[in-house]
Amino acid sequence: MSKILIRGAQVLGGEPQDVLIDGEFIEAVGSGLDADGAEVVEAGGKVLLPGLVDLHTHLREPGREDSETVLTGTRAAASGGYTAVFAMANTFPVADTAGVVEQVYRLGQEHGYCDVQPIGAVTVGLEGKKLAELGAMHESAAGVTVFSDDGKCVDDAVIMRRALEYVKAFGGVVAQHAQEPRLTEGAQMNEGIVSAELGLGGWPAVAEESIIARDVLLAEHVGSRVHICHLSTAGSVEIVRWAKSRGIDVTAEVTPHHLLLTDELVRTYNPVYKVNPPLRTERDVLALREALADGTIDIVATDHAPHPHEDKDCEWGAAAMGMVGLETALSVVQHTMVDTGLLDWAGVAERMSFRPARIGRLEGHGRPISAGEPANLTLVDSAYRGEVDPAGFASRSRNTPYEGRELPGRVTHTFLRGRATVVDGKLA
């Protein structure tokens, strides 16, 4: 590969610098670097970040290629500035064996828009009854380190304990979808004033918080790692904060949509706002932003959940839960966290690249922008403002809650090991 010189970029939002890429690695970072023979990317006024890493993506393949494929999902990821995604296990068949996770891993390698790290199921078939082949998936070519039944909660305390004990042997982590199933039977939205007024079944905050409380205590008991998926309530924040103060090895994520949207939007009955966990209250949104800023919540993860048109273009009660998020995540984080002064760009890099890579034990990603490091990079025009138009998405699905909403920031370039996957805002 030829050399690439990114000229005058604000590295992590700091002073302008040049970044010289040679092959798969960064050769030099500094001022006035020699561009002789290099392709030059003029980056004045733009922010350079390490390639983003998403710990929570649904790529749907195998089994639901009508929603998304590894190809379309990784194209969407690259468009959003991601160089690596962790693919959730709720596929058909479920990614509960070495064979299935290797299939997903190799599809990612073949398509090449970003690295795909499969997540293995905790239990066989996501049924919560018997542990899946955790060791075999870890020892496979995919090298699985994160395990989750996301979409379903591992609600049996004994099964959860065994999973935590098992993954401890190889430094893995169990990522829990915290939802007590008996407390959420028939739930359609957040339980509260709006659900009462609309007459829709409520999803109470305690259904999330009770599972988190149990699991941090289990993790402490066995000395293992637990990760909380898509944390959504102020009460959950306080439990995680308490657990961390005790030294429990817990990490947590928040989605972009839970940083911005509230349950008031459900008054429209537009199924695009139907998601699990549900959109919560303004109080919860503000608590999540503060927790992300102070480090109680470790990372932003998209929970990119594509659905075909027919699964969302229907009445609220019949609609599928989920939103696409890869192509808008960075813009939402800029809007809610950077433009509000809660985070600077170095903080964004920490929460959307460095930490998710560390949690998932993903080598080569979430690395500093310095000489000798892999050239996984994202260039952002933070001054850009524009309306979200899902017609231009690379994702196969269009179920975004932001259609027509003005959001800041636009990814202009993404580099995966020195190779451009996005150039001037378009897929390479």
### Query
Is it true that atom CZ of Arg162 has more than 12 heavy atoms of other residues, nucleotides or ligands lying nearer than 6.0 Å?
no

### Task
Applying side chain to side chain donor-acceptor pair (under 3.5 Å), run through Thr328 and Ser331 and close with a yes or a no.
CA-CA 5 Å; Thr328 52; Ser331 290; over 6 Å; no

### Query
In terms of side-chain geometry, is the basic nitrogen of Arg161 or Glu165 positioned less than 4.0 Å from the acidic oxygen of its partner?
yes

### Message
My understanding is that only residues two or more places apart in sequence, or in another chain, count here; which of them pass side chain to side chain donor-acceptor pair (under 3.5 Å) with Gln109?
### Response
Tyr105

### Query
Is the closest basic N to carboxylate O distance between Lys152 and Asp150 below 4.0 Å?
no

### Message
Using ring centroids (six-membered ring only for Trp), state whether His307 and His309 fall under 6.0 Å.
### Response
no

### Query
Which heavy atom in Thr91 sits nearest to a heavy atom in Pro62, and how many Å separate them?
CB-O, 3.3 Å

### Query
Thinking salt bridges, do Asp249 and Lys168 make one under a 4.0 Å N-O criterion?
no

## Note on the structure
When every non-hydrogen atom of Ser148 is compared with those of Leu126, the smallest separation belongs to O-CD2, 4.4 Å

### Query
Judged by atom type as modelled, is there a donor-acceptor pair below 3.5 Å linking the side chain of Glu208 to the main-chain atoms of Ser232?
yes

#### Entry: Electrostatic pair Glu68:Arg396 at N-O distance under 4.0 angstrom
no

### CD/Glu310: more than 12 non-hydrogen atoms of other groups inside 6.0 Å
yes

#### Entry: Whether Gln334 side chain and Ser382 backbone form a donor-acceptor pair below 3.5 Å
yes

### Task
Count the heavy atoms belonging to other residues, nucleotides or ligands that lie under 6.0 Å from CD1 of Ile193, then report whether that count exceeds 12.
no

#### Entry: Donor-acceptor side-chain pairing of Asp149 and Thr123 below 3.5 angstrom
yes

### Task
Using modelled atom types only, decide if a donor and an acceptor are shared between the side chain of Arg225 and the backbone of Gly171 within a distance under 3.5 Å.
yes

### Query
Of all residues at least two apart in sequence or in a different chain, which pass the ring pair (Phe, Tyr, Trp, His ring centres under 6.0 Å) check with His335?
none

### Task
Would you confirm whether Lys312, through its side chain, and Lys274, through its main-chain N or O, come within 3.5 Å as a donor-acceptor pair?
yes

### Query
Is there a side-chain contact between Val146 and Val173 (heavy atoms, below 4.5 Å)?
yes

### Message
Between the side chains of Arg182 and Asp155, is the shortest nitrogen-to-carboxylate-oxygen separation below 4.0 Å, so that they form an ion pair?
### Response
no

### Task
Using modelled atom types only, decide if a donor and an acceptor are shared between the side chain of Glu253 and the backbone of His230 within a distance under 3.5 Å.
yes

#### Entry: Expected output: side-chain Glu102 to main-chain Ser140 donor-acceptor under 3.5 Å
no

### Query
Given side chains that start at C-beta, do those of Glu209 and Ile212 come closer than 4.5 Å, heavy atoms only?
no

### Query
Any donor and acceptor pair, going by atom type alone, linking the side chain of Ser397 with main-chain N or O of Ser67 inside 3.5 Å?
yes

### Task
Could you check if a side-chain atom of Ser353 sits within less than 4.5 angstrom of a side-chain atom of Leu49, using non-hydrogen atoms only?
no

#### Entry: Residues Glu403 and Arg398 bridged, charged N to O under 4.0 Å
no

### Query
Looking at Asp298 and Arg358, does any basic side-chain N land under 4.0 Å from a carboxylate oxygen?
no

